[in-house]
Amino acid sequence: MNIAIHQLEAPAIIGVHERERRIPQTLLVDVEFAVDPPSEDRIDAVVNYSSVVQLVREHLREGRFQLIETAAMTTAHRIAETFSLAHVRVRVTKPAAASDARSISADFTLSE
C-alpha cells in the first residue's frame with residue numbers, strides 16, 4: 001500500500017545565490033512511501049502521515065540547502081530512517097527557480 005502527500009508547502013533556505021541564503025522560500029514537496037496495510041482501523045496501526053508532514057517541514061526548515069537535489073535525497077533518507085520504511089520517494093519543487101520555467105524539481109527514490 002502506498003501513502004502519498006502532495007504539494008506540502010515547506011519554508012526553506014535553499015539556493016546558491018546570496019539573496020536565497022537569507023530569505024526562506026516556499027518549496028512544494030511530494031512524498032510517497034510504501035507501508036503494510038493496517039491490521040486495524042486505528043492510527044497507531046499505521047505510519048501517521050501527520051508525523052511525516054511535521055518531519056519534512058522541520059527537516060527542510062533546519063537544513064539550509066544549496067541544491068534541491070540534496071534536499072530531496074536527505075528528506076527521503078530522514079523519512080526512511082525515522083519511520084523504518086524501505087521505499088520512500090520525495091520530489092522537491094522550487095517555484096520560480098528559473099525565469100523561463102514555472103518551477104524546477106528534483107525527484108529522489110530510496111528503495112532498499
Side-chain angles (χ1 to χ4, degrees):
M1 172 174 281
N2 288 331
I3 304 297
I5 300 166
H6 300 282
Q7 295 194 335
L8 168 64
E9 293 185 7
I13 296 292
I14 189 160
V16 296
H17 302 292
E18 184 179 329
R19 176 186 58 79
E20 295 176 307
R21 306 303 300 157
R22 291 186 316 235
I23 301 169
Q25 298 176 61
T26 299
L27 300 176
L28 300 176
V29 183
D30 298 319
V31 177
E32 186 175 305
F33 52 95
V35 295
D36 293 330
S39 57
E40 300 178 50
D41 188 24
R42 297 169 21 129
I43 193 69
D44 61 353
V46 296
V47 173
N48 185 335
Y49 58 78
S50 294
S51 298
V52 176
V53 165
Q54 181 179 356
L55 179 129
V56 169
R57 289 178 57 81
E58 287 174 4
H59 177 72
L60 292 174
R61 184 179 57 244
E62 296 167 2
R64 299 196 169 271
F65 302 97
Q66 289 191 17
L67 306 174
I68 58 173
E69 296 90 339
T70 306
M73 182 179 63
T74 60
T75 302
H77 281 285
R78 181 102 181 261
I79 293 167
E81 291 169 8
T82 301
F83 299 101
S84 300
L85 299 171
H87 177 82
V88 178
R89 179 181 160 268
V90 173
R91 170 177 286 163
V92 173
T93 301
K94 187 175 174 183
S99 61
D100 296 341
R102 179 174 288 170
S103 64
I104 305 292
S105 64
D107 193 306
F108 181 80
T109 301
L110 175 66
S111 192
E112 297 176 0

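Counting begins at 1 with the first residue of the sequence.
- At distances below 3.5 Å, not a single donor-acceptor pair connects side-chain atoms of Arg89 with backbone N or O atoms of Leu110.
- The only option from Val29, Leu8, Ile13 that meets the side-chain contact (heavy atoms from CB on, under 4.5 Å) definition with Leu60 turns out to be Val29.
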As a quick check of understanding, evaluate side chain to side chain contact (heavy atoms under 4.5 Å, CB included) for Phe33 and Val47, giving each step before the final call. CA-CA 10 Å; Phe33 52 95; Val47 173; 3.9 Å; yes
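- Here the closest non-hydrogen pair linking Ser50 and Asn48 is N-OD1, 2.8 Å.
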Residues Leu85, Ile79; criterion side chain to side chain contact (heavy atoms under 4.5 Å, CB included); working and verdict: CA-CA 7 Å; Leu85 299 171; Ile79 293 167; 3.9 Å; yes
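- For His17, the side-chain contact (heavy atoms from CB on, under 4.5 Å) test picks out Glu20, with sequence neighbours left out.
- Residue Ala106 comes nearest to Ala72 through the heavy atom pair O-CB, 3.8 Å, listed as atom of the first residue, atom of the second, then distance.
- Under the 3.5 Å distance criterion, the side-chain polar atoms of Asp30 are matched with a main-chain donor or acceptor of Gln7.
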Pair Phe65, Thr74 - check side chain to side chain contact (heavy atoms under 4.5 Å, CB included), show working. CA-CA 10 Å; Phe65 302 97; Thr74 60; 3.4 Å; yes
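- Nearest approach of Arg57 to Ala10, heavy atoms of both residues: NH1-CA, 3.8 Å.
- Annotation: side chain of Pro95 is in contact with side chain of Leu28 (closest heavy-atom distance under 4.5 Å).
- The hydrophobic cluster containing Val46 does not contain Ile5, counting ILVMFWY residues as joined when their side-chain heavy atoms lie under 4.5 angstrom apart, directly or transitively.
- Not counting sequence neighbours, His87 has no partner by the ring-ring contact (aromatic ring centres under 6.0 Å, His included) test.
- The side-chain heavy atoms of Pro38 and Met1, taken from C-beta on, include a pair separated by under 4.5 Å.
- At least one side-chain heavy atom of Gln66 sits less than 4.5 Å from a side-chain heavy atom of Arg21.
- Atom OH of Tyr49 has 12 or fewer neighbouring heavy atoms from other residues, nucleotides or ligands inside a 6.0 Å radius.
- Within a 6.0 Å radius of CD in Glu18, other residues, nucleotides and ligands contribute 12 heavy atoms or fewer.
- For the atom pair NZ of Lys94 and CG of Leu27, the computed distance is 7.5 Å after rounding to the nearest 0.5 Å.
- Two residues are said to be in side-chain contact when any heavy atoms from C-beta on lie closer than 4.5 Å; Ile14 and Ile68 meet this criterion.
- Under the 4.5 Å side-chain heavy-atom criterion for grouping Ile, Leu, Val, Met, Phe, Trp and Tyr, Val35 is not connected to Ile43 through any hydrophobic cluster.
- The shortest non-hydrogen separation linking Pro24 to Arg22 is CD-O, 3.8 Å.
- Within 6.0 Å of CG on Asp41 lie no more than 12 heavy atoms contributed by other residues, nucleotides or ligands.
- Taking CZ of Arg91 as the start and OG1 of Thr109 as the end, the distance is 9.0 Å to the nearest 0.5 Å.
- Within a 6.0 Å radius of CG in Asp36, other residues, nucleotides and ligands contribute 12 heavy atoms or fewer.
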Test side chain to side chain contact (heavy atoms under 4.5 Å, CB included) on Phe108 and Thr75 and set out the steps. CA-CA 9 Å; Phe108 181 80; Thr75 302; over 6 Å; no
